[in-house]
Colleague: 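Pasting a structure below so you can have a look.
Each ligand, and each atom within it, is numbered from 1 in the order the structure gives.
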Amino acid sequence: MFTFRSAVPILAAMPSVTLPAIHASHAGCWLRDGDGLTRPVGKGEAVTVAADTPLLMLNAPLVATRLGYPDLSGLDLLELFAFVHPARFVVPTPKGLAHALGLAEPADDAGVPDLLQRATEALLATCGDPQWAEREGAWSALQSLARLRWAWAGTLTAHISRPERAERWLFARLPEWEEAGELPQPRQVELDEAVTLARLGQLTGVDAEQRQGQRDYAVRAARAFAPRLKSDQPHLLLAQAGTGIGKTLGYLAPASLWSELSGGTVWVSTFTKALQRQLRQESRRAWPERRADGSRPVVVRKGRENYLCLLNLEDALQGGFGGRAAILAHLVARWAAYTQDGDVVGGDLPGWLGTLFRQRGIAALTDRRGECVYAGCPHYRKCFIERASRASARADLVIGNHALVMVNAARGRDHAARPTRIVFDEGHHLFDAADSTFAAALTGAEAIELRRWIIGPEKASRGRRRGLAARLADVASYDEAGGRAITAAREAAEALPADGWLQRIAEGTPSGPLEELLAAVRATVYARDESGGTEAGYGLETEAAALEGAFVEQAQSARAALAELRQPLIRIGNRLETILEEPPDWLDGPGRARIEGARHSLSWRVDLLAAWEALLERLGGPADPEFVDWLAIDRSEAREFDVGIHRRWLDPMKPFARVVLEPAHGVMMTSATLKDAESWDKAVARSGASHIGVTAQLSAHESPFDYGLQAEVLIVTDVPRGDIPALAGAYGRLIEASGGGVLGLFTAIRRLRAVHGRIADRLAHGGLPLYAQHVDPIDTGTLVDIFRDDPASSLLGTDALRDGVDVPGHSLRLVVMEQVPWPRPTILHRARRLAAAAAGGSASAYDDSIIRARLAQAFGRLIRSRDDRGHFVVLSSAFPSRLLTAFPEGTPILRLSLHEALQRVGSHGLDSRTPIGSDAPSA
Ligand code: SF4
């Protein structure tokens with residue numbers, strides 16, 4: 001059960017106009033009373049007033065951060081919006097709220113409290129409107145929310161009348177998916193140039209200018225869909241498409257044509273949610289929203305942990321959640337009735353909703369722990385996950401992501417539904433995605449998850465979470481051998497870490513073989529730490545090499561314990577298989593589906609245990625050249641949160657090639673930064689082609705943008721490295737010179753925070769709001785929405801923003817990198833650079849190629865269309881010239897002082913600038 005701080009005192013129904021409102025930004029606080037008078041107030045007074053009177057506010061956690069008072073609560077307009085308009089998009093800022101409700105934007109900070117009052121009136125008026133689109137379910141939800149003492153309940157009660165007929169309960173309202181027969185395999189078709197170009201013409205429109213680069217790209221892409229010539233040898237195309245080529249329609253043209261002619265499904269896999277959204281929109285040019293039979297030809301697919309689990313939601317609504325988390329559950333239930341696909345991460349559930357209530361609440365509503373009981377679930381026929389899975393099997397186009405494609409290929413339940421024609425867009429991320437997917441990590445957090453999956457939660461829980469024995473109770477009572485195996489698995493799982501493991505190993509009182517091993521890992525990592533305290537608070541690691549005898553013995557005891565557990569799990573799997581092969585009378589269709597689901601869950605846990613055993617077996621012996629192993633303590637803000645042993649493939653494209661490429665017929669990998677400016681070698685090596693003996697086809701298509709006119713790279717040479725005041729000063733002045741519209745990229749969170757803390761207030765006073773990842777209590781997707789929506793705002797962030805930001809136009813006109821983005825010198829990185837050197841390259845060339853790729857990706861954020869103009873600034877006194885080929889040919893590059901850079905940025909004078917002495921790459 002989750003309990004958060006209690007809700008604010010419930011209000012009796014009161015006319016909204018009398019509700020006072022508060023707004024706090026980095027520039028100050030403003031309070032508006034019930035009589036319509038707005039005045040600036042100090043933080044102390046604001047906190048006192050908020051403690052006495054429920055105040056209207058927008059995004060309470062953000063206001064609390066601005067006031068420095070974490071316990072602040074009030075009448076949050078975002079909560080009201082989520083109730084009145086579930087599944088509707090709003091940027092959670094005063095301007096965004098005004099736009100969503102058709103109200104005038106506030107002119108300045110002082111005008112925001114007035115907007116909050118007007119927005120409240122507008123939302124309450126909607127509740128009284130007979131045309132309110134989201135009325136169904138509102139009255140019933142409000143009764144539950146009133147019992148939970150939701151702050152808005154009293155006010156809303158006066159505006160939402162009891163419906164004449166009883167409202168349908170959410171679970172009765174959702175539609176059921178239909179079972180459908182198997183599809184025949186796709187017809188073999190060849191796409192010639194003429195039909196491909198004709199389809200491209202249809203998609204781009206008759207009036208669109210013909211772009212030769214896009215036409216060439218589409219024709220090359222079409223070849224990836226040709227019939228396969230040899231088994232286990234797919235057509236493999238690597239296509240570099242400079243920004244602006246129009247690659248999405250370039251590959252959707254042959255993809256839609258192939259799917260239409262063959263009757264097969266094409267998968268397009270992306271790395272970022274931003275591209276998934278864009279693809280969904282662009283696909284509408286090729287496919288209708290629905291087919292004549294009502295089914296969807298285009299389906300977005302994500303990992304199951306992204307979707308709402310209706311059984312978990314029901315559990316939360318019926319008492320599994322308490323306090324604020326229970327209120328969140330009811331708002332999520334409102335959304336569930338109106339959502340398009342039940343996707344709680346990046347779908348139509350507002351990204352900010354979780355942060356209003358703490359993210360953990362949303363995660364607990366998904367099926368993260370693999371406890372799905374499939375057909376044993378009363379909501380199975382309405383389940384969003386099952387619906388998406390079935391819809392994708394019959395779709396023409398599935399929009400997925402790299403991790404999902406790999407996980408499906410490695411352990412998907414349905415072989416027939418595995419993708420065979422795949423376009424990997426953002427293909428430069430495939431290596432990293434494979435690296436994570438095929439990794440093994442025996443850590444405390446992972447092991448306790450397995451324990452809970454087998455034994456169930458330790459403490460008495462009001463929730464439905466149960467162990468394996470409870471989930472398979474009917475099997476145990478029917479099949480004696482199966483019952484014994486379940487009991488044996490339960491007993492063997494006692495060897496896994498239990499609640500409180502982290503504290504016990506820190507105190508030197510580990511319990512059981514796994515905790516003892518983790519304690520030894522922790523002690524070894526600290527003993528070998530050479531950071532001298534400079535890494536205080538951040539993760540620590542050491543090689544899994546030269547380990548002392550006692551450590552190796554502990555590892556072998558832990559391995560034996562894991563093997564003890566794996567055996568009964570295998571036996572249970574075998575028993576389930578026998579039951580499926582010789583079904584008893586009581587086994588109906590749903591029972592069969594449930595047992596198939598359980599067998600599948602078991603098999604991947606058996607694989608997980610085998611991977612852990614292999615990892616431990618190697619410790620103390622000769623290193624396996626295929627893998628890199630290390631010991632690590634994960635820490636955040638000086639707090640340890642996990643300890644364990646990690647294993648990565650030296651080349652993760654080896655398992656990728658085997659499980660994804662080999663069974664496929666046609667694969668395309670494409671990106672604006674697939675190849676290094678120097679050559680194709682790295683891209684080819686990172687495609688996995690050599691592991692299955694395939695020769696990749698290569699094609700490169702230059703960007704049509706005129707980077708010489710549209711952009712400048714400014715390398716600022718007089719901001720000393722490591723000087724935080726100077727770094728903050730440079731960021732502050734660059735943001736002022738640009739008038740906002742700045743994306744600031746950092747390689748370390750602590751420097752990001754230090755810079756933000758020094759400049760945010762000053763910039764806010766000048767009307768230039770500054771947002772930051774790891775500082776503002778707002779999820780990254782929402783931060784990007786806010787940044788896109790307000791051209792005066794700027795955003796600071798780390799790696800995730802280097803790729804995830806697609807902000808064309810004026811909102812993004814300056815990218816600032818705090819330094820050259822050197823790779824972190826981790827054990828894994830060191831092993832790979834040594835391997836690159838051993839393979840005939842050089843270690844420094846390996847580093848350079850990583851840095852060039854990062855610079856190219858960051859630069860790629862700047863110019864997204866022909867009309868974009870912008871500067872790219874790197875603060876580096878000694879930027880190596882050999883890295884300059886990262887930027888597109890023709891881009892002017894200057895080394896200059898901060899003062900000179902400010903003049904160039906401030907003039908916005910890309911069109912009127914003076915000629916530049918060239919430091920530009922010649923390649
Ligand atoms: S079928 Fe599984 S994932 Fe779907 S609602 Fe039921 S338990 Fe949750």
Side-chain angles (χ1 to χ4, degrees), residues 2 168-180 299-321 325 328-330 332-347 349 360-393 404 407-408 411-414 417 449 452-454 456-457 461-475 576 588-605:
F2 294 95
R168 277 183 300 162
W169 171 229
L170 164 71
F171 302 103
R173 221 191 129 175
L174 291 171
E176 296 195 341
W177 46 259
E178 308 265 324
E179 202 66 81
V299 172
V300 175
R301 237 350 249 292
K302 298 188 177 177
R304 54 187 303 124
E305 68 284 357
N306 286 274
Y307 295 93
L308 177 71
C309 165
L310 291 169
L311 194 55
N312 282 353
L313 176 65
E314 184 182 28
D315 184 44
L317 294 175
Q318 293 182 345
F321 281 13
L328 171 65
H330 280 277
V332 171
R334 281 279 289 150
W335 162 83
Y338 294 93
T339 175
Q340 194 179 343
D341 55 12
D343 174 3
V344 295
V345 187
L349 183 78
R360 207 156 65 101
I362 299 274
L365 294 174
T366 62
D367 178 44
R368 277 181 183 268
R369 303 177 198 279
E371 290 179 314
C372 175
V373 286
Y374 299 95
C377 167
H379 310 302
Y380 183 59
R381 293 296 306 279
K382 293 162 189 255
C383 173
F384 290 116
I385 302 169
E386 295 297 323
R387 179 191 309 284
S389 158
R390 274 161 184 76
S392 70
L404 177 72
V407 169
N408 256 8
R411 51 177 196 238
R413 274 201 288 159
D414 184 359
E449 274 303 313
R452 288 177 184 147
W453 185 80
I454 296 168
S461 162
R462 275 204 271 161
R464 70 174 182 88
R465 294 187 57 201
R466 297 176 306 162
L468 192 59
R471 292 200 298 275
L472 292 177
D474 52 354
V475 172
L576 295 182
D588 54 5
R592 188 178 180 86
R594 184 168 60 81
I595 288 182
E596 272 172 358
R599 193 178 52 141
H600 175 72
S601 314
L602 269 167
S603 87
W604 80 258
R605 280 164 179 95

Colleague: Using a strict cut-off of 4.0 Å, indicate which atoms of ligand 1 neighbour a heavy atom of L311.
Modeller: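 By the 4.0 Å cutoff, the relevant atoms are 5 (S), 7 (S).
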
Colleague: Which atoms from ligand 1 have a heavy atom of I385 less than 4.0 Å away?
Modeller: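 Here the atoms of ligand 1 in question are 3 (S).
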
Colleague: Using a strict 4.0 Å cut-off to heavy atoms of C309, name the atoms of ligand 1 that fall inside it.
Modeller: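 With C309 as reference, the close atoms of ligand 1 come out as 3 (S), 5 (S), 7 (S), 8 (Fe).
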
Colleague: Hey, which atoms in ligand 1 end up nearer than 4.0 Å to a heavy atom of C383?
Modeller: 1 (S), 3 (S), 4 (Fe), 5 (S)

Colleague: Distance check below 2.8 Å: does C372 bring an N, O or S atom to atom 2 (Fe) of ligand 1?
Modeller: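 So C372 counts as coordinating atom 2 (Fe) of ligand 1, yes.
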
Colleague: Look at the N, O or S atoms of C377, main chain and side chain alike, and state whether any lies under 2.8 Å from atom 8 (Fe) of ligand 1.
Modeller: no

Colleague: Using the rule given for side chain to side chain contact (heavy atoms under 4.5 Å, CB included), can you reason through N306 versus I385, listing the C-alpha separation, both sets of side-chain angles and the distance that settles it, and then say yes or no?
Modeller: CA-CA 9 Å; N306 286 274; I385 302 169; over 6 Å; no

Colleague: Is the Y380-W177 ring centre distance short of 6.0 angstrom?
Modeller: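 Centroid separation for Y380 and W177: below 6.0 Å.
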
Colleague: Would you mind listing which atoms of ligand 1 come within a distance below 4.0 Å of any non-hydrogen atom of R304?
Modeller: 3 (S)

Colleague: Give a yes or no answer on whether the side chain of K302 reaches the backbone of V345 with a donor-acceptor pair at less than 3.5 Å.
Modeller: yes

Colleague: Do D343 and L349 have side chains that get closer than 4.5 Å, going by heavy atoms?
Modeller: no

Colleague: For the residue pair L310 and F171, establish whether any side-chain heavy-atom pair is separated by less than 4.5 Å.
Modeller: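 In short, these two side chains touch, coming nearer than 4.5 Å.
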
Colleague: Might you work through the side chain to side chain contact (heavy atoms under 4.5 Å, CB included) test for C372 and D367, ending with a clear yes or no?
Modeller: CA-CA 7 Å; C372 175; D367 178 44; 3.5 Å; yes

